Amino acid sequence: KDIMQFIESEQSKSKVQLSIHNFTDMCFKKCNANRPITSGGLDSNEEQCLTNCLNRFLDTNIKVVQALQGSSK
Amino acid sequence: KDIMQFIESEQSKSKVQLSIHNFTDMCFKKCNANRPITSGGLDSNEEQCLTNCLNRFLDTNIKVVQALQGSSK
Amino acid sequence: KDIMQFIESEQSKSKVQLSIHNFTDMCFKKCNANRPITSGGLDSNEEQCLTNCLNRFLDTNIKVVQALQGSSK
Amino acid sequence: QIAQELAVANATELVSKITENCFEKCIVNPSVALNAQEDYCVNQCLEKYMRSWNVISKAYITRIQQSSAEK
Amino acid sequence: QIAQELAVANATELVSKITENCFEKCIVNPSVALNAQEDYCVNQCLEKYMRSWNVISKAYITRIQQSSAEK
Amino acid sequence: QIAQELAVANATELVSKITENCFEKCIVNPSVALNAQEDYCVNQCLEKYMRSWNVISKAYITRIQQSSAEK
């Protein structure tokens with residue numbers, strides 16, 4: 001049982017990791033679209049853009065799931 | 001034998017499913033490029049664009065396969 | 001032992017193949033961006049662009065690896 | 001019918017493709033909440049995507065059947 | 001801390017995403033060597049990408065915890 | 001020779017990448033059949049892609065050999 005729990009926990013950890021990579025890739029592109037990279041830091045606007053990007057993406061995801069559950073009833 | 005046939009048929013079904021997802025993704029992007037989403041419906045032009053997109057993609061695929069078979073002879 | 005070596009060598013060969021496919025895809029896009037395909041041949045500028053694209057991508061990759069190793073120390 | 005069976009089985013992939021496409025299309029400057037316009041856009045977009053998926057499914061199955069018949 | 005553990009375990013994926021994004025962003029016309037401007041851009045870009053990864057990690061873990069708490 | 005062996009073994013991946021790139025590049029407004037211009041474009045594009053694949057293969061193998069020699 002312990003080994004199964006360990007595997008499950010590792011799998012879910014690596015699923016979260018993969019999601020973070022995909023979200024970062026997507027939001028880095030969206031928040032830097034149409035402008036050059038001029039500094040290695042993140043100002044407060046950029047940090048806000050990334051956080052908003054992630055949360056609005058997850059909001060969109062929830063809306064889509066709800067719509068598909070609604071239409072399959 | 002039956003179980004093997006079942007597995008093969010399921011695998012080919014899921015291959016078709018995956019192709020449909022990829023085609024839809026590609027043709028949705030192509031047919032809605034450079035314009036906003038203004039309605040949830042599909043007018044006859046949009047439906048035609050999607051069908052043409054799929055069929056011309058498959059035509060292109062056939063041309064590529066034939067060219068590679070030709071060049072490897 | 002021989003079979004293991006054979007498998008390892010095949011795996012590394014197919015890893016190289018996959019990399020070549022991804023590099024070609026990326027550099028074909030970059031070297032033909034914003035202009036139509038007008039010939040099937042490659043002139044010397046196009047060939048140079050592809051070679052430079054690959055090598056500058058690998059340079060970038062090395063810089064990134066070094067930076068991450070530096071920051072994890 | 002075939003299309004619907006496939007849809008149910010592959011719902012996760014469909015959700016993920018719709019989310020990606022409609023987020024890309026509708027949310028250009030992500031803010032502190034989905035505004036009314038983005039919310040409306042996502043609703044229209046997800047409907048249009050599902051209809052597009054149906055059109056592509058039918059067209060692809062028709063094409064597969066045609067090329068089987070030609071053999 | 002959680003973010004750092006994840007980062008180490010997943011370094012290969014991180015390297016590959018940074019390389020792709022920063023090459024795309026910084027090297028528009030690839031020449032015979034990285035010029036000073038491209039080199040500077042890649043350095044800034046990789047720092048910004050790592051910081052972005054940290055921001056997204058924290059925001060995602062916060063969101064997962066919020067939605068667990070709501071249940 | 002090495003490049004050709006790799007090409008044969010990996011033909012499926014090559015077909016799929018060429019189809020995607022040349023469809024994207026040559027067919028902007030898909031119509032009821034490939035018109036003469038699109039057809040010509042696809043032919044040129046697939047040739048150019050295969051030649052590009054050869055150039056990249058050689059350049060990558062050269063680079064791998066150089067970095068092995070440096071060790």
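So that the names make sense, note that chain A is the first sequence line, chain B the second, and so on, each numbered from 1. All figures in this text were calculated on a predicted structure; none of them were measured in a lab.
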Would the distance check show the side chain of C:Thr60 and the main-chain N or O of C:Arg56 forming a donor-acceptor pair, the cut-off being under 3.5 Å? yes
Side chains of residues 23-32 of chain F: which donor-acceptor pairs under 3.5 Å do they make with residues two or more places apart or in other chains?
residue: F:Lys25; atom: NZ; partner: C:Asn32; partner atom: O; Å: 2.5
residue: F:Lys25; atom: NZ; partner: C:Arg35; partner atom: O; Å: 3.1
residue: F:Ser31; atom: OG; partner: F:Ala33; partner atom: O; Å: 3.1

Using 4.0 Å as the upper bound for N to carboxylate O, is an ion pair formed by C:Asp59 and C:Lys63?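 No.
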Under a 4.5 Å heavy-atom cut-off, does chain F meet the side chain of C:Ser19, its backbone, both or neither?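 Looking at C:Ser19, just its side chain touches chain F.
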Within the 4.5 Å heavy-atom criterion, are C:Glu46 and C:Asp43 side-chain neighbours or not?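 When only atoms from C-beta onward are counted, C:Asp43 and C:Glu46 do touch, with a gap below 4.5 Å.
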C:Asn61: which residues meet the side chain to side chain donor-acceptor pair (under 3.5 Å) condition with it, sequence neighbours left out? E:Thr19
Tell me whether C:Cys31 and C:Cys53 have SG atoms closer together than 2.5 Å. no
If I measure from the heavy atoms of chain C, does F:Arg63 come under 4.5 Å with its side chain, its backbone, both, or neither?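 Just the side chain, heavy atoms under 4.5 Å.
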Residues of residues 40-48 of chain F within contact distance of chain C, non-hydrogen under 4.5 Å: F:Tyr40, F:Cys41, F:Gln44, F:Cys45, F:Glu47, F:Lys48
Pick whichever of C:Leu50, C:Asp25, C:Asn22, C:Thr38 has the most heavy-atom pairs under 4.5 Å with chain F.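 Greatest number of close heavy-atom pairs with chain F: C:Asp25.
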Who pairs with F:Glu38 by salt bridge (Lys or Arg N to Asp or Glu O under 4.0 Å), at least two apart in sequence or on another chain?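 By the salt bridge (Lys or Arg N to Asp or Glu O under 4.0 Å) rule, F:Glu38 matches no residue at all.
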